[in-house]
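Heavy atoms only: backbone and side chains are in, while hydrogens, waters and symmetry mates are out.
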Amino acid sequence: MTHQLYTGAQAAELATQWRRACSADAAAVTRTAICNWVARGHLHVAGLDEHGRPLYTLADLARAEKATRRRALRLVGIGAP
């Protein structure tokens, strides 16, 4: 089974959509946050694109967003659900 892979920018866009659904559009996820998730072990690189940039699976991205959501929402003054 082949899984769709997402670039850092695409991953940030998807995670922002999820996070904003929980925060009334108050919280966003940047490419820097995606890199931090990788560095902290929340997100794993699933492959590389033709330029050597990391790619991520949707399932891994969803797990990382969920794992980091409570703290991120608290930082923008919103209690996490």
Side-chain angles (χ1 to χ4, degrees):
M1 175 189 288
T2 302
H3 294 284
Q4 173 73 34
L5 298 177
Y6 299 88
T7 66
Q10 292 167 325
E13 183 178 331
L14 284 168
T16 292
Q17 290 172 12
W18 298 331
R19 187 139 307 156
R20 285 189 170 164
C22 296
S23 69
D25 291 333
V29 177
T30 64
R31 287 183 64 200
T32 300
I34 297 296
C35 292
N36 287 335
W37 292 356
V38 171
R40 293 180 180 137
H42 295 296
L43 181 61
H44 302 283
V45 175
L48 300 174
D49 72 5
E50 64 277 1
H51 301 288
R53 294 179 294 223
L55 298 170
Y56 312 98
T57 67
L58 187 61
D60 286 344
L61 179 61
R63 278 190 287 277
E65 191 282 327
K66 183 178 180 185
T68 61
R69 181 184 305 151
R70 183 175 303 279
R71 181 177 186 276
L73 294 179
R74 192 174 60 245
L75 290 174
V76 295
I78 298 170

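- Cluster membership check: Ile34 shares its hydrophobic cluster with Leu58, using side-chain heavy-atom separations under 4.5 Å among Ile, Leu, Val, Met, Phe, Trp and Tyr.
- Residues forming a salt bridge (charged side-chain N to carboxylate O under 4.0 Å, His left out) with Arg31 (at least two apart in sequence, or on another chain): none.
- Residues that satisfy the side-chain hydrogen bond (donor to acceptor under 3.5 Å, both in side chains) test with Thr7, not counting sequence neighbours, are Gln10.
- Distance CG/Leu43 to OG1/Thr68: 9.5 Å, rounded to 0.5 Å.
- The stretch residues 39-56 participates, sequence neighbours left out, in these side chain to side chain donor-acceptor pair (under 3.5 Å) pairs: Asp49-Arg53.
- For the pair Val45 and Val38, the minimum side-chain heavy-atom distance is below 4.5 Å.
- Trp37 CH2 to Leu61 CG: the interatomic distance, rounded to the nearest 0.5 Å, is 6.0 Å.
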